[in-house]
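Remember, it's a predicted structure, so these values are computed and weren't measured experimentally.
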Amino acid sequence: MDRITDTFKAIYTKYPYLLVLFVSMLLTLPWIMQGEFYTKGEPREATVATCMLNTGNWVLPSDYADEVAYKPPFMHWFIAAFSLPAGHVTETTARLPSALGLIGIVMLFFALLYKRKSAFRAALASIILLTSFEMHRSGIEARVDMTLAFFMIGALISMFRWEEKGLKGYPILIPVFLAGAALVKGPVGIVLPCLVFGVYLLLLQRYSLWKIIVKNVIVALPALAILLSWYVLAYRQGGQHFLNLVYAENFGRFLGEDSKKLGISYDLGHKGPFWYYIPAILLGFMPWSLLVVFSLFTVSLKKRIQRGALRSSILQRLAGLDKLTLFSIVSVVIILGFYAIPSSKRSVYIMPAYPFAAYLLALLYEWAMAAKPKLIRLMSYIVLTISGLLLLLVGTFHFVDLLSVATPLVHDAKTLHDVGLFSVAFQKTNVLNIETWLILLAIFIFCLTTLKKQKADIILVATLGLFIWTQVFLEQLAYPVFKDAYSSRPFAEKIMAKYKLKGKTYVMNDLSKYMNLYGLNFYMDNSLKNFDKEQPENGYFIAGSKYISDIRMKYNGEYAFIELERTADEYNDYGDVMVLYKIIKLKHLMINQENAAQDPRLRDPFAIPR
């Protein structure tokens, strides 16, 4: 055991950056290639890049029927660029910007800490960040949030370094990062980092308010100019409708305005209470954030209040902190507070705060190692329990059918369906799966043995290693089967092979009434058209089974909807049975008895054949 520990220390001492880079790549790059799109968010972003490649419109592409991609397209430019060699967007190229963004965040953060703090603290905070639930999940999904987080975090780290130099010179990296953030999601990419930096400078009490404002303005203006350039180009294409969308997304969402008043046909959604982000960040840092909860039970609140009453003001206490700790506190508080204002909330919005929260969490772990080592052992037992259960489940249900065991016990259809998927995953046998299971078992045993006689720091390192491989284990053995089972690809390939759908397949595009088929649209090469807008003479129509009655009623006497194909069940990224119809416009068309006799389906053009 000592030999393993010494070897690890030697590698980290000699190649710290390479080791952190290797772990970052291990937890991201292999898994963006695993599994098809299984949620609506990923294909929606990927389709924007598909439109760029298909139409050559890199300024204001559409991502569903005639739906305008109102967000700045910087991330989609990356996806399209990565997809150029193959000529089309894939799941891998769509997820690559997020994976590279997470790797970049970890490396920037590690470099910041390694040069200023202990090597142990730098590694601890970086691994906590990398393996946290929210960052790991977002780092292997095709969403704009990780790319936005990369540029905002890059800007914040560059701002911190600039202040260390006394705000001297012109920091070219800051406007570059700010411009990147703005081109991913709009003005918030400039406003929020500058707000954090401004508050931090005020708390340092070293600079006048006028100087703080001037320094923020000179780094923000170039980024703002770049963003405005895109807005001008996009306005030339999208006109007033584009401006309405920009206002709704950037200001209407922040101010909590009503969708109808904003003139948009969808709900801004994701509403949550003011305190939403407190449990969100705790859940996002699972399992490492459990130490925060455990620590609360070890400190006397009464004593803290009494001591606090005798101390100086909050501002003086903050000023007494080292700069990195102060900057981390300011970043976490301002970012969470900023996003708490609008009613629309999502856990991924606060990812720019995660590196700084990870640093504060690392400080808490160092305190626990010194003052409460039993808490480190408790955390180790929790991770051991998680990993041990996974080893037991996979080992047992590789030989025993999990679905047959669960069927008498589980009565919810969707849950039973998902259990069946994991049953298939557990029974899947190949060399890589067996090796992954054996490596997890070996690390599990090693971690278990460290609890008997090793110090808290060795126990913590072993626990980190165990959790890293637990994530690898899940990504390799369990998740791909689950993702593929919820993909729209099989249905898309089936209907495209059987019918000539290209250029004549229609959908409803009104998010206030109907869900959009983003996954199906991606796998059909962004070919779906807006039925309401086009009003075609004939063609094909796709909708969810729960909507077709309303659609038939709306077009009663105008169109016949003749069912051709449907998915076997609702277990897909759309969440409903998807149905393909042949559509015929009935205006000026008389269906006589002879036609009805030849095709019984036309006797009642609004009936769904069974």
Side-chain angles (χ1 to χ4, degrees), residues 39 41 71 98 101-102 105-106 109 125 128-139 141 143-157 159 181 184-200 203 249-257 267-296 314 318 325-365:
T39 63
K71 296 174 185 175
S98 294
L102 178 54
I105 289 169
V106 173
F109 181 56
I128 287 175
L129 172 67
L130 178 64
T131 57
S132 64
F133 171 77
E134 191 67 79
M135 295 297 282
H136 175 70
R137 180 186 66 167
S138 300
E141 290 186 346
R143 303 299 295 269
V144 301
D145 305 285
M146 185 58 74
T147 308
L148 173 66
F150 167 75
F151 284 107
M152 289 181 71
I153 291 165
L156 288 168
I157 290 175
M159 287 170 166
V184 171
K185 212 167 183 178
V188 69
I190 300 173
V191 172
L192 189 50
C194 288
L195 178 61
V196 171
F197 190 48
V199 173
Y200 170 64
L203 290 175
E249 286 294 326
N250 291 285
F251 301 101
R253 184 185 292 273
F254 188 81
L255 298 173
E257 295 184 27
D267 187 5
L268 292 172
H270 310 299
K271 293 184 178 179
F274 182 80
W275 44 264
Y276 173 87
Y277 289 115
I278 296 175
I281 197 168
L282 289 172
L283 290 173
F285 268 106
M286 290 293 283
W288 312 119
S289 54
L290 287 173
L291 185 67
V292 177
V293 180
F294 298 151
S295 299
L296 294 176
I314 294 175
L318 288 174
T325 303
L326 176 62
F327 189 75
S328 297
I329 293 172
V330 170
S331 298
V332 172
V333 172
I334 296 298
I335 292 172
L336 268 63
F338 179 88
Y339 283 115
I341 297 172
S343 60
S344 177
K345 294 176 175 67
R346 291 179 63 229
S347 60
V348 291
Y349 290 168
I350 59 171
M351 285 198 301
Y354 268 64
F356 309 104
Y359 177 72
L360 298 176
L361 199 52
L363 295 180
L364 181 62
Y365 271 88

* **Atom CD1 of Ile278: over 12 foreign heavy atoms under 6.0 Å** => no
* Evaluation steps, side chain to side chain contact (heavy atoms under 4.5 Å, CB included), between Ser331 and Tyr200 -> CA-CA 8 Å; Ser331 298; Tyr200 170 64; over 6 Å; no
* To do: Evaluate the side-chain proximity of Val184 to Met152: yes if any heavy-atom separation is below 4.5 Å, no if none is.
  => no
* Structure fact -> The reported gap from OG1 in Thr131 to CH2 in Trp288 (rounded to nearest 0.5 angstrom) is 5.0 Å
* To do: Might you point out which heavy atoms bring Ile105 and Pro355 nearest each other, and give the distance in Å?
  => CG2-CG, 3.9 Å
* Asked: Between atom OG of Ser289 and atom CG of Leu283, what is the distance when rounded to the nearest 0.5 Å?
  -> 7.0 Å
* Met351 versus Met146, closest heavy-atom pair with distance -> CE-N, 3.6 Å
* **Side-chain heavy-atom pair Ile334, Leu192 within 4.5 angstrom cut-off** => yes
* Asked: So which heavy atom on Leu130 is nearest to which on Val106, and how close?
  -> CD1-CG2, 3.9 Å
* Asked: Closest approach of Leu156 and Pro352, non-hydrogen atoms and distance?
  -> CD1-O, 4.4 Å
* To do: Report yes or no: does Ser98 contribute a side-chain atom to a donor-acceptor pair with the main-chain N or O of Arg143 at less than 3.5 Å?
  => yes
* To do: Describe, in one word, how the ring planes of Phe285 and Tyr354 are oriented to each other, choosing from parallel (under 30°), tilted (30 to 60°) and perpendicular (over 60°).
  => parallel
* CD1 on Ile335 to CD1 on Ile350, rounded to 0.5 Å -> 9.0 Å
* **Residue list, ring-ring contact (aromatic ring centres under 6.0 Å, His included) with Tyr359, at least two apart or on another chain** => none
* Would you name the heavy atoms of Leu102 and Gly139 that are closest together and state the gap between them? => CD2-CA, 3.9 Å
* Asked: To the nearest 0.5 Å, how far apart are CG in Leu360 and OG in Ser328?
  -> 5.0 Å
* Asked: Is the shortest heavy-atom distance from the side chain of Phe109 to the side chain of Ile153 under 4.5 Å?
  -> no
* **Pro193 versus Ile190, closest heavy-atom pair with distance** => CD-O, 3.5 Å
* Asked: Would you say Ile281 and Glu134 make side-chain contact, with heavy atoms under 4.5 Å?
  -> no
* So which of Tyr276, Phe274, Tyr339 actually passes side chain to side chain contact (heavy atoms under 4.5 Å, CB included) with Lys345? -> Tyr276
* Exam field: side chain Lys185 to backbone Leu148, donor-acceptor pair closer than 3.5 Å -> no
* Going through the checks in order, is the side chain to side chain contact (heavy atoms under 4.5 Å, CB included) test met by Phe356 and Val330? -> CA-CA 9 Å; Phe356 309 104; Val330 170; over 6 Å; no
* Expected output: side-chain Ser132 to main-chain Leu129 donor-acceptor under 3.5 Å -> yes
